[in-house]
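Read through the structure below, which is laid out as structure tokens, and then see the notes.
Throughout, numbering of the chain's residues begins at 1 and tracks the sequence.
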Amino acid sequence: MTEPEKSKLTTGIVSELSVVLPAFNEEANIERVAREAAQYLDTTGLDYEIIVVNDGSRDRTGEIIDRLAKELPRVRACHHPQNRGYGSALRTGFAAARKKFVFYMDGDGQFDIRELGLLLPLATDEDHIVTGYRIKRNDPFIRRLNARLFGGWLVRILLNVRVRDLNCAFKLIPRKVLEAVTLESTGALINAELYGRAVRKGFGIKEVGVHHYPRTAGTQTGAHPMVILRAFYDLFRLRQKIVSER
């Protein structure tokens with residue numbers, strides 16, 4: 001995608017934006033990702049902030065984002081003293097966000113922040129989450145298989161959520177949605193919980209295809225068998241909670 005010119009970018013009703021970047025042991029990626037986000041957002045005319053959440057990293061991630069926060073006035077750093085999980089990192093970022101819309105993507109460099117320009121025109125109200133779906137997913141086989149089993153039919157059956165790419169970490173969420181739901185997940189289930197609770201509250205979902213790039217540095221953690229098994233177990237428990245709520 002070519003970088004949109006400021007005068008040509010269509011932002012829907014979005015005028016202000018909090019960008020949340022969760023990061024765990026991403027010293028090789030997070031500076032590039034955060035800087036590219038700031039450079040792109042500077043061209044949009046949006047009133048924005050970037051919140052980088054260091055989820056208890058054991059490498060230099062925390063040090064790097066603290067330096068970025070001192071250098072770049074719109075970047076803020078949040079730190080977990082210990083690793084709490086992907087869902088917890090997102091929830092910390094959501095709680096810290098000050099703007100009317102919240103966008104998040106991972107800090108591993110597998111998405112292009114400039115493709116946010118594909119989501120913004122779809123934000124025509126505050127009653128829909130706008131999400132990307134990966135046109136071609138560049139992940140190991142086990143992650144793609146898990147996505148097909150977990151997000152393809154199980155979440156559809158249990159939570160009545162119908163999306164093409166459940167765990168695509170490229171989402172634009174109105175604050176209205178985040179204020180209407182209470183998120184509890186600490187791990188990979190956070191996306192299913194967000195959708196499940198939002199749909200039950202009457203919110204909708206809009207989707208658009210985005211590109212997904214191979215990871216060039218760092219190590220993926222979500223493909224560990226125990227992480228996957230725990231997500232399946234937690235999904236059934238989540239379904240019971242959501243159904244029992246009024």
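- There is a side-chain donor-acceptor pair under 3.5 Å between Lys206 and Thr124.
- Side chains of Tyr195 and Thr131: a donor-acceptor N/O pair is present below 3.5 angstrom, by distance only.
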Apply side chain to side chain contact (heavy atoms under 4.5 Å, CB included) to the pair Thr10 and Leu120, showing each step before the final yes or no.
CA-CA 7 Å; Thr10 301; Leu120 290 171; over 6 Å; no
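- Nearest heavy atoms, Gly93 versus Ile51: O-CD1, 3.8 Å.
- A salt bridge does not link Arg58 to Glu27: none of the charged side-chain nitrogens sits closer than 4.0 Å to a carboxylate oxygen.
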Begin from the C-alpha positions of Val33 and Met105 and carry the test side chain to side chain contact (heavy atoms under 4.5 Å, CB included) through to its verdict.
CA-CA 10 Å; Val33 171; Met105 71 176 192; 3.7 Å; yes
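- Within the model, atoms CZ of Phe203 and CD1 of Ile173 stand 11.5 Å from one another, a figure rounded to the nearest 0.5 Å.
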Apply side chain to side chain contact (heavy atoms under 4.5 Å, CB included) to Leu116 and Leu41, showing your working.
CA-CA 9 Å; Leu116 173 60; Leu41 291 166; 4.1 Å; yes
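- Note on Lys100 versus Glu126: salt bridge recorded, some NZ/NE/NH1/NH2 to OD/OE distance being below 4.0 Å.
- A centroid separation of less than 6.0 Å is found between the aromatic rings of Phe103 and Phe170.
- A distance of 9.0 Å separates CG of Asn25 from CG of Asp55, quoted to the nearest 0.5 Å.
- Note that CZ of Arg91 is 9.5 Å distant from OG1 of Thr182, once rounded to the nearest 0.5 Å.
- Within the model, atoms CG of Leu178 and CZ of Phe101 stand 11.0 Å from one another, a figure rounded to the nearest 0.5 Å.
- Scanning all heavy atoms of the two residues, the minimum distance from Ile65 to Cys78 falls at CD1-O, 4.1 Å.
- Taking CZ of Arg134 as the start and CD of Gln110 as the end, the distance is 8.0 Å to the nearest 0.5 Å.
- Note on Arg67 versus Glu63: no salt bridge recorded, every NZ/NE/NH1/NH2 to OD/OE distance being 4.0 Å or above.
- For the residue pair His80 / Thr92, a side-chain donor-acceptor distance below 3.5 Å is found, with atom types taken as modelled.
- Salt bridge status for Arg76 with Glu49: present, with a side-chain N to carboxylate O gap under 4.0 Å.
- Electrostatic pairing of Lys176 and Glu179 does not count as a salt bridge here, judged by no charged N lying under 4.0 Å from a carboxylate O.
- A cation-pi arrangement is found for Arg74 relative to Tyr48, the charged atom lying closer than 6.0 Å to the ring centre and inside a 45° cone about the ring normal.
- Both the sub-6.0 Å distance and the 45° axial angle are satisfied by Arg164 relative to the ring of Tyr133.
- Using a 30° and 60° split on the angle between ring planes, His212 and Phe111 fall in the tilted class, from 30° to 60°.
- Between the OG atom of Ser18 and the OH atom of Tyr104 there is a distance of 15.0 Å, given to the nearest 0.5 Å.
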